[in-house]
Number of protein chains: 2
Amino acid sequence: MQQMQHLIHSSRTIKSQPVARSPRPNPPITEHLAYLLAQANREINRQLEARLRDEGVPVEQWRILKVLSDGKGHSMGDLADEVLLNHPTLTKMIDRMVSDALVYRVQDPDDRRKVLMYSSERGKALTQRLNALALSQEAHIAENYGDKATAELKRLLESLIDAAT
Amino acid sequence: MQQMQHLIHSSRTIKSQPVARSPRPNPPITEHLAYLLAQANREINRQLEARLRDEGVPVEQWRILKVLSDGKGHSMGDLADEVLLNHPTLTKMIDRMVSDALVYRVQDPDDRRKVLMYSSERGKALTQRLNALALSQEAHIAENYGDKATAELKRLLESLIDAAT
DNA sequence: TCGAAAATATTGAACTTTCAACAATTGATG
DNA sequence: CATCAATTGTTGAAAGTTCAATATTTTCGA
């Protein structure tokens, strides 16, 4: 996948400026947290996408398979939150994955409103290959960006999520 | 807007676990940087979206207006990179904004392949109101999450972007 | 226990994004 | 300087997402 990286890079991408400490009246967009998060997410997501392209699977399907790899049944609602998709989007993505025989639906016997999702054997096998690709990306980042910075960034993101949720 | 926040919150959202230091064979999805970034981005973006809803403007249009608020002409290609959209998506979003008289196109006299985008007076007036909304979000985050953590998170995101781009 | 309200998942229509192809212009090379 | 390649932006079709409405099942209060 290494050789795909250049396809993903754009020479026009904004390189960010140092952060101003105190609130300014009209900061450039590159100082907004919302913008920095969107930019970082876009970049990392593209890299992951490029790696997963080996298996022809979109990032969202990796998330679904990964979450289902615990072997337990996940309701559509729970799954939607876990994989960061809203309900109708998930329903339609699951439809495609069912067609590909990666996952299957089971009606929850305890609450017949619910549908429990499970990974098929085919899905589990694919998950293993996808995990290797995802881990290789993590390793690549840690290498380029530093173990310390990576760990610190993860820590800060977790607490931001806790604060914002 | 404050009263909209609860609409945005989902009780099923994954609360993240502490980060493991050394690379594990099969980490949960919540330990992947790509996932944490996507989750944080989604959350912050939703909050910003809720605030901008006062003016009925999607986040991407705020970015466009903000970038164009320097008064200089930006080519479609440059603009696409600056506002984190790909070319055809930007073209169609600009079409809508031209219909709303927020921006206008000018053919670049120095290179007639290029189209230069400018903000209209109406666009500039809207930008000011949007900036106030965006800044109030930044303030809200800094309050809940801490000035120090916010600044540190921004710093780390910038260097991640530099490393990844 | 009955009926209204809430929770869960899906659907169809409207809208948006993406991909591939195209048109126009400029740059580069023999 | 003529042609071929590269750059820039748009378009139409296909694919994907979102919103509002719906159907089904469960929960809860009278």
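To find a chain, count down the sequence lines: A is the first, B the second, and so on, and within it residues start at 1. What you see is a predicted model, and the numbers here were worked out from it, not measured in a lab.
- Screening residues 93-108 of chain B for salt bridge (charged side-chain N to carboxylate O under 4.0 Å, His left out), with sequence neighbours left out, gives Asp95(B)-Arg105(B).
- OP1 or OP2 of dT8(C) has not a single side-chain nitrogen or oxygen of Ser75(A) nearer than 4.0 Å.
- Between the side chain of Gln47(A) and the backbone N or O of Ala164(B), at least one donor-acceptor pair lies under 3.5 Å.
- In this entry the distance linking CE of Met117(B) with P of dT8(D) reads 17 Å, nearest Å.
- Contact annotation: Thr91(A) side-chain N/O to dA9(C) OP1/OP2 distance is not under 4.0 Å.
- A salt bridge links Glu152(A) with Arg155(A): the distance from a Lys NZ or Arg NE/NH1/NH2 to an Asp or Glu carboxylate oxygen falls below 4.0 Å.
- Atom C1' of nucleotide dC19(D) and atom CZ of Arg46(B) are separated by 14 Å, given to the nearest angstrom.
- Taking atom CG on Leu90(B) and atom P on dG9(D), their separation rounds to 9 Å, with Å as the unit.
- The interatomic distance linking Asp81(A) (CG) with dT8(C) (C1') rounds to 12 Å, in whole Å.
- Glu49(A) has its CD atom 13 Å from the C1' atom of dT17(C), to the nearest Å.
- Rounded to an integer number of Å, the gap from Asn86(A) CG to dT10(C) P is 13 Å.
- Salt bridge Glu138(B)/Arg51(B): absent, no basic N to carboxylate O contact under 4.0 Å.
- Taken residue by residue, residues 92-115 of chain A places heavy atoms nearer than 4.0 Å to DNA chain D at Lys92(A), Met93(A), Arg96(A), Asp111(A), Arg112(A), Arg113(A).
- Rounded to whole Å, atom P of dT8(D) lies 16 Å from atom NE2 of His74(B).
- Separating the CD atom of Glu60(B) from the P atom of dT18(D) is a distance of 11 Å, rounded to the nearest angstrom.
- Of the N and O atoms on the side chains of Ser159(A) and Asp162(A), not one donor lies less than 3.5 Å from an acceptor on the other residue.
- Using bins of under 30°, 30° to 60° and over 60° for the plane-to-plane angle, the ring pair Tyr104(B)/Tyr118(B) lands in the parallel bin.
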